[in-house]
Structures are given as C-alpha cells and as structure tokens.
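A quick note: this is a predicted structure, and the numbers were derived from the prediction, not measured.
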Number of protein chains: 2
Amino acid sequence: MSHPKDSSRTGILVELPGSVTLDPDKAKHEQVRSRLIEVIMTMKTGDRLSPERELAAQFGVSRMTLRQAISSLATSGYVSRLQGAGTFVADRTISKNTELTGFSEDMSARGFSASSRLLKVSHRPAGAALGHELVLSPADMVYHIERVRMADGIPMCLESIDIPAHLAPGLDQQPLDQSLYEILATTYGIKLFEADQVITPTVVDQEQAGLLHVPVHSPALIVKRLAYDKKRRPIERAESIYRGDRYDIRLTVKRGAA
Amino acid sequence: MSHPKDSSRTGILVELPGSVTLDPDKAKHEQVRSRLIEVIMTMKTGDRLSPERELAAQFGVSRMTLRQAISSLATSGYVSRLQGAGTFVADRTISKNTELTGFSEDMSARGFSASSRLLKVSHRPAGAALGHELVLSPADMVYHIERVRMADGIPMCLESIDIPAHLAPGLDQQPLDQSLYEILATTYGIKLFEADQVITPTVVDQEQAGLLHVPVHSPALIVKRLAYDKKRRPIERAESIYRGDRYDIRLTVKRGAA
DNA sequence: TGCATTCAGAGGTCTAGACCTTCTATCACG
DNA sequence: CGTGATAGAAGGTCTAGACCTCTGAATGCA
C-alpha cells in the first residue's frame, strides 16, 4: 500500500470507455449498477473500489446517481462501505439470500446444476384455504404442480406449487422440468417482485423419504412461500421440503435502518 | 374518497408541528424516518400516506431527504410504494425479519415478553474452531454463555453464545438474564451492525428435550449466527436451537435490485 | 351503457454542487 | 522508536429544483 504514483492509488482501476448510456431505456443508476458488477467480478474480496467522485466522473453521471447504484450493491451484498475509508468488495462466497430466487437460480448460484422430475400436474379448483391465500374464490381454477428438484442429479427438495389458472393459461402444457420462473417471465410476461416466506422444521415421512433418498424421520426444512407481483397480487403459492443434510438457508441480516 | 375540502385528500394527516429537527445530532432522514414510523403506527394496512411533496414540506426537508427516509421504510417492510399511485402502509403482521435482532427484541416484536434462565457462563480459551470463526488465536479467552430463552414463560430456544473476552471485560458479572445486546450496547458501547446466519433443521436430543419441554426427537431449527460490527470485526458467535412447534422464521424476499 | 381518451397527481430519476463526519497515513515531537 | 497531532481523502448528508413515467379517475364520445 502506498505507491506514490499510480493514478488510482490502491483502487483497482479498469479501463472504462467514456460515459455510460449505451442501453436506451434503462435508468442510469441501473446501467451504472450493471457496469459496477462487471468491474467487481474482476476484483478480489477486500479490494477497494475507486472513490465515488472518480467513478461518477468515469461513468459521466452525478455523484448522487452513482451513490444510488452503489447503495443498491451494498444492499445486495456485493460491496460494503466504510465512511472515511472507502467502498470494498464483499465476500461473495456466503449469503446472497434475502433475494427472491427460484430453485434453479438458487442452485446455480451455489454452483450446482438444477434439474426436475415432474410428479404431478393438474388443473383443479383452488378450494377454501388455497383460494383465500391466492385471493381467489374457492371455485376458481389453479394449476397444481408437484416436482422433485435436484442439484447435480441429487434430490434436494420436494416442491408443491399452485398458480391461478387465469394468469397462465396452458401452463400444464409447458416444459415443467425447467425453471418455472423462466416460463412465467418469458411465456406469460409475469414478473415476480417479492414473496413472504415462512420456514419451519419437520421430519420426513415415508413417502417423502423415498423421493428424497433419505431415511424416514430425517430432519428437513419446510419453506412456505407466497409470491407477489409489483402490485402485490398473489401469483404463486409454493411449499417446499428441503432435505436437512444437504441444504441450509443462509442470509445476512443488518441492524436497524438501511 | 374525494372530499373537495380536507387538506390531505385521502391521505391520513396527523398534526405535525412545524419543521422537524428536534434531536440534535441525528441525521435528518433518520429523524424523519422515526416520525414517519409514529405516523404509520396510527394507520391501517393499505392506507395511503400523504404525497412525498407534502410530507417533505411538513417536515421541512427536501424531497430527496424525505425519499431517503421512505426508501428505508420500504426496505424494512413498513410501506410499499407504487409509482403513479402512492405509498401505502404494508401489512405488518408478518415478517419484519431480515433485521438483525436479539431474542428479546424478536419476541417483543411478536408480542411476547422475553425472559432467560442462565445455564452456564464461563471464561475459557477459544480453541481452534471457535478462534478461527472469531478471528482470535486459540489461546485467546472468550466468555461462553448458555441460556434457555423463554417467551411468556414458555421455553422457546436454547442459546449458546461466545464473545471475545477482551471486548467485554467482566461480562460474566453482568445480569445475563437480560438482553445481551442491550448489555453490549450500554455497558460496553458495542453496537452490532450485521450478521451472517445459517439455518438448518434438526431433532432435539434427550437433554435438549428436557430443557425445551418437548418430546425427544421433536423437529427444531438450528440458527448459527456470526455477528459483526460496522468494520466487520466478529463480535458474537451464537448457536440457537428453536423448538419447531412454537417458532418459525419469517422473511420477505425481494426480486433483483433494490 | 360502455369504452377510449385525457390529464392531473404520485412516485422515479437526475443534477451540481456545498458541507459534514470519519478514517488513516504521515510527520513531527518527545 | 513510539506516539500523538494533523491534513487530506473518502463516504454521508442535504438541497432546490427539473423532468420522466406510470396510474387511475374523470370526461366525453359512440
């Protein structure tokens, strides 16, 4: 530390051609965010980013806009900031949860390849309880899907999903051994925004044990999820049972306000 | 909806004397945040807040500052925003997790009163594994604390905590049946900033079953936590076993960037 | 009656600074 | 050779607007 020369001091500087603004309709702070992620990927944990004022100049945006991008990265766990010292690349090997991800995305983030085995798919009335959760009348139809989700071919969880039929007509004809969130987004233009999850422990029964390839009464996690779109309309209700010996939930929690 | 009079239209307006700035050294956006929480507490789920421009004028701050406060509230789950429509009070009966809280705070947020039974407290060398986690040499001393945590007098979890001794000298003489985070903050001036948590399922053994008043082999959640201060120095290592029949973990996850 | 258009209002983005607080490397002093 | 003071640098806060985009209700036409 402390080469008197070198333009960016300890900060790793990457050649960034002129201002930003290549994408047309995206907000500047989002473009900056994407560019910063690219830069961060080339750096190591603990490396210091160039100072905000410098980055703002490089990207051709105001410092407030740049800070908006960096704040978002800090929330997502890419970097951590320290007043007076700098902004540093965070350890990306852990966590990253607290983000709504489907199983496929979750697994590839952990370095596995996700696959599925479809057990059941049906088109049926929601019924009272489920109808209430999805804000439907009990007679309204839903698609019900049950799958075994696998990571590198090893069973990881049993997934039971219900989606209001009117949102995704013909969903039961889709390739349901693939990422459901992908299908929802590309085929139906449905983008999930957030979800409420409840996590409880359980032990697997005989049928579940067989599907997951674990002994009966093994510990497991139940994750119940109700996913919404941006206007908080319920889109998906999922209940997943993860085997406890190969899966854990990791999250970084922060104190007080952001 | 649409009384031509009444200053705030559909927004619930609360008498707010002049500008803000009563607290001396806190940032304005934090003061505004606190005041907004008070206002929100008087409102119902789904109510619309007054428009940003109006609130900014009431509080005597710029709109950007007000927005910073509201953004923080949105992240914490107090409100949700909808472009073009307004900012609305969120359902506060669920979630609120994703915040680093001690057991005491967690329980009072759920409407229970927290208490403790101290099982063990000792002053001992960290040893290899724990020393590595807390970034200490194996010979460095730590305080080790084991407690049964109770909600309204009912055992909820077994807590096993280690804290580097040099950070909190005399910790074993403190009233450890109270909130540890409170003691750390007030007596030692240590403020936690964030923590990494790993959640796994398990079943309780005979000893744990006795302490928690549940049958042997009941499902339970193990929460391992490593808590850091703002400079990411490890402060506390905790491993808690929560009974699965009375406790669950709730969190709201969001998609993509913030 | 019903549907399309319009438009005011609400949140979203962005700027170009000014000033504050905290950290840390450095330098001078004992 | 510490050790404490210090100045520069880096993030944090705040402003006063300008303009954009989206929503939803009012309007008006068929």
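A:Glu133 meets the salt bridge (Lys or Arg N to Asp or Glu O under 4.0 Å) test with A:Arg237; sequence neighbours excluded. Shown here are the side chain to side chain contact (heavy atoms under 4.5 Å, CB included) partners of A:Arg67, two or more places apart in sequence or in another chain: A:Glu52, A:Arg63, A:Arg81. In terms of the salt bridge (Lys or Arg N to Asp or Glu O under 4.0 Å) criterion, residue partners of B:Arg233 (sequence neighbours excluded) are, by chain and number, B:Asp229.
Regarding B:Ile70, its CD1 atom lies at a distance of 14 Å from the P atom of C:dT13, rounded to whole Å. D:dA9 atom C1' lies 11 Å from atom CD of A:Glu54, rounded to whole Å. Atoms CG (A:Leu55) and C1' (D:dA9) sit 14 Å apart, rounded to a whole Å. Computed from coordinates, the B:Leu66 CG to C:dG12 P distance equals 11 Å when rounded to whole Å. Note: CZ (A:Phe193) to C1' (C:dG11) measures 13 Å, nearest angstrom. With rounding to whole Å, B:His29 atom NE2 is found 11 Å from D:dT15 atom P. Atom CZ of B:Arg67 and atom C1' of D:dT13 are 16 Å apart (whole Å). Here C:dA8 presents its C1' atom at 16 Å from CD of B:Glu52, a figure rounded to the nearest Å.
Counting only heavy atoms from C-beta outward, the side chains of A:Leu171 and A:Thr187 never approach each other to under 4.5 Å. Side-chain contact between B:Ile235 and B:Leu134 is absent, with no heavy atoms from C-beta onward closer than 4.5 Å.
Side-chain N or O atoms of A:Tyr181 include none that pairs as donor or acceptor with a backbone N or O of A:Leu192 at under 3.5 Å. Without hydrogens or angle criteria, A:Ser34 side chain to A:Glu30 main chain gives a donor-acceptor distance under 3.5 Å. Panel note: side chain B:Gln31, backbone B:Lys26; a donor-acceptor pair is recorded below 3.5 Å.
Comparing B:Thr65 and A:Leu82 against DNA chain D, the residue whose closest nucleotide sits nearer the 5' end is A:Leu82.
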Between the protein and nucleotides 16-22 of chain C, list every N/O to N/O distance that falls short of 3.5 Å.
| unit_1 | atom_1 | unit_2 | atom_2 | d |
| --- | --- | --- | --- | --- |
| C:dT22 | O4' | A:Gln83 | OE1 | 3.0 |

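If you check D:dG12, D:dT13, C:dT13 against the side chain of A:Gln68, the one that comes closest is C:dT13. Distance from the side chain of A:Ala27 is smallest to C:dC14 among D:dT13, C:dC14, C:dA10.
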Can you give the donor-acceptor pairs under 3.5 Å from side chains of residues 135-143 of chain B to other protein atoms, not counting sequence neighbours?
| unit_1 | atom_1 | unit_2 | atom_2 | d |
| --- | --- | --- | --- | --- |
| B:Ser137 | OG | B:Ala139 | N | 3.3 |
| B:Asp140 | OD2 | B:Ser137 | N | 3.0 |
| B:Tyr143 | OH | B:Gly170 | N | 3.0 |

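The phosphate of C:dG12 has OP1 or OP2 within less than 4.0 Å of a side-chain N or O from B:Arg81. Within the 4.0 Å cut-off from OP1 or OP2 of D:dT15, at least one side-chain nitrogen or oxygen of B:Lys28 is found. Taking 4.0 angstrom as the limit, B:Lys231 places a side-chain polar atom (N or O) nearer than this to OP1 or OP2 of C:dT24.
At a threshold of 4.0 angstrom between heavy atoms, the contacts of A:Lys230 with the nucleic acid are absent.
For the helix from C:dT1-D:dA30 to C:dG30-D:dC1, the terminal axes (five pairs an end, C1' atoms, rotation from four pairs onto the next four) enclose an angle of 20°, given to 10 degrees.
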Exercise for review: Could you please spell out the steps behind the side-chain contact (heavy atoms from CB on, under 4.5 Å) verdict for A:Leu82 and A:Phe88?
Suggested key: CA-CA 8 Å; A:Leu82 209 40; A:Phe88 303 88; 4.2 Å; yes
